Amino acid sequence: MKNILKYSLFALTGLFFAACNEDYKDWADPLSYPQEEAVNIPGFTATATGAIDLNTAGDSVSVFTLTSGELPSGSTIGNVRMLVSPASANVDFIPVTLEALTSDGLFSKANLQEAVTGFFGLRPDVCSLTAQVYADVIKDGQAALVDAGTIALSITPKAPKIAPKYFLIGGPMDWAASAASKSQVFSHSTQDVYTDPVFTYVMESTGGEMWFAFGDEEACDAIGNGDWSKLFGTKGDSKDLSGSFDYRYNLDGDHSFCVDGNATSYRISINLMEMTYEITPIVIASQYYMVGGLQGWSDSKKTCLFTPEGNNVMSYTTKWTGAWDLKIWSKDDFGNWDKAYGCVVDGDNSPSGALIGSNAQAISAPSAEFYTFTIDMNAMTYTWTKLDNQAPNEYTNISLIGEFNGWGGDFELEQVTPHNWYAIFTQEADGQLKFRANHDWGTNWGYGNDKEWNVTESINKIGTNGGGNIFVPAGTYAVYLNDITSSMLFVAQ
């Protein structure tokens, strides 16, 4: 009785309750609250309900219960909230205020997920947090901020289990043999699997229908014991090229994937966070172009052509900026941003990674230095190789000289990126020519013996200083030369 009288006295004198005015909002209509000095009421405490797993929780989650203690007679509780922060001092954070859905400690699952993943990321580990619980005690139109104490929380964010590796089962190989060998490995970037949950595999076609599934190492080992249920299967039709997937044990059957085998190969991309897949038939183009910061991200200038290295492997060497450097277009898709190749994570500067062609992001060089950027369109991967020589010879001019101008003048090329030269050149009649630097024969590029290279028979060669004259039949060509690698290309227009 004494305590009730004391609290009532506080309310009357204004020492406990702050007078309410027309701006006061009921607890069911939460706002952001200016922090005022909170008071304690004996017995008014919050008690955590226990460990919370957001993978199994409903849309609303009971986080704590409130014991009312010795509240003034006729008072109600509203505006329940908690100030949440990581329990570990090693985690950088700004505390987050979460509003309760009800006065008995029920919170939105979505808000809890956002707070926990903001502190710890999406990995489905048990996360330890502390929460300072506050509530408004309301009586006769007056409200006081009350501290209900600090509670410890254990919350597991909603996220699927993502393994470090996944394997294609079946396809061009025997199913059991492919599971035992684990040789058909999906590629993945160097990012954490919860930052980049996308894995990719390029499957070579056998010319007919190909059936396959995929799974992690545990699924492969289970197959050796006769258990095929841990593989993933499609939730739709087996021949769908995109859709969602789940474990076979949830699908009531094998639900294997199938492609028709008409393409040269198939790129299989799986997103383990969203549990979705996309299968892309691959038709390898003859030419691929770099588009990026060095050429102004132009969707019309085919000035940066990759040098063919053989077996659908190509490269481009220059000094890169080290920030959102490039995407890649095939010659037939040039200008269509939806069909540009890139990486999963925007600005990824890893030394190697997987190429994707859907929602592709810009790839960054590891640093602002000279690198050879190599793409493998069979494996759908890329690698960066830093040049040993970071100060290659500089040239003021690169030009063509030959029979077209009586070997007495220069047709200038433009330096479109550092050490890469380009021009559109028209050869009026069949004839021989060479490249040279600074309008001088001291550095010139040719190939083999005179006329050994006919540019209509092969679009590129690696030149040598003083090499033979190049034979160029009449026509118009896009001409490229890299003065570091000595790569020479003539592409008929």
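Quick caveat: nothing in here was measured; it's all calculated off a predicted structure.
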Any sub-3.5 Å donor-acceptor pair from Q113's side-chain atoms to A110's backbone N or O? no

Ion pair E369/K319, N-O distance below 4.0 Å: no

Residue pair T485 / S487, side-chain donor-acceptor N/O under 3.5 Å: no

Side chains of S242 and E278: donor-acceptor distance under 3.5 Å anywhere? no

With a 3.5 Å cut-off and no angle check, do the side chains of S330 and D332 form a donor-acceptor pair? no

Between S352 and T383: side-chain donor-acceptor atoms closer than 3.5 Å: no

Taking the side chain from S154 and the backbone from S128, do they hold a donor-acceptor pair closer than 3.5 Å? no

With a 6.0 Å cut-off on ring centres, are F186 and Y201 close enough? yes

Can you pull the salt bridge (charged side-chain N to carboxylate O under 4.0 Å, His left out) pairs that have at least one residue in residues 116-125, sequence neighbours excluded? R123-D192

Quick note, salt bridge (charged side-chain N to carboxylate O under 4.0 Å, His left out) partners involving residues 461-482, not counting sequence neighbours, are none

Pair D53-N55, side-chain donor/acceptor within less than 3.5 Å: yes

Lys/Arg N to Asp/Glu carboxylate O, E209 vs K239, below 4.0 Å: yes

Between S189 and D196, is there a side-chain donor-acceptor contact under 3.5 Å, judged purely by atom types and distance? yes

Establish, yes or no, whether a centroid distance under 6.0 Å links the rings of H255 and F245. no

Can a donor-acceptor pair be found between the side chains of Y277 and T234 at a distance below 3.5 Å? yes

Tell me yes or no: between the side chains of Q132 and T150, is some donor less than 3.5 Å from an acceptor? yes

Would you confirm whether the ring centroid of F306 sits within less than 6.0 angstrom of the ring centroid of Y288? no

Could you name each residue pair satisfying side chain to side chain donor-acceptor pair (under 3.5 Å) that touches residues 156-180, not counting sequence neighbours? K161-E218

Start with the C-alpha gap between N460 and Y447, add the side-chain angles, then the distance that decides, and say whether side chain to side chain donor-acceptor pair (under 3.5 Å) holds. CA-CA 10 Å; N460 75 291; Y447 180 80; over 6 Å; no

Return the orientation label for the Y480 and Y422 ring planes: parallel under 30°, perpendicular over 60°, tilted otherwise. tilted

Using the ring centroid of each side chain, check whether F425 and F404 are separated by less than 6.0 Å. yes

Could you tell me whether the side chains of T130 and S85 share a donor-acceptor contact shorter than 3.5 Å? yes

Does F373 have its ring centroid less than 6.0 Å away from the ring centroid of Y382? yes

Does either side chain, that of N465 or that of W445, offer a donor lying less than 3.5 Å from an acceptor on the other one? no

Among side-chain atoms of K434 and N469, is any donor-acceptor pair under 3.5 angstrom? no

When you measure from the side chain of N444 to the backbone N and O of G466, does any donor-acceptor pair fall under 3.5 Å? yes

Which heavy atom of H439 sits nearest to which heavy atom of S399, and what is that distance? CD2-OG, 3.9 Å

Would you say the ring centroid of F334 lies under 6.0 angstrom from that of Y289? yes

Pairing donors with acceptors under 3.5 angstrom, does anything connect the side chains of T372 and T317? yes

Is the ring pair W337/W329 parallel, tilted or perpendicular, if the boundaries are 30 and 60 degrees? tilted

Ion pair check, D221 and K182, cut-off under 4.0 Å: yes

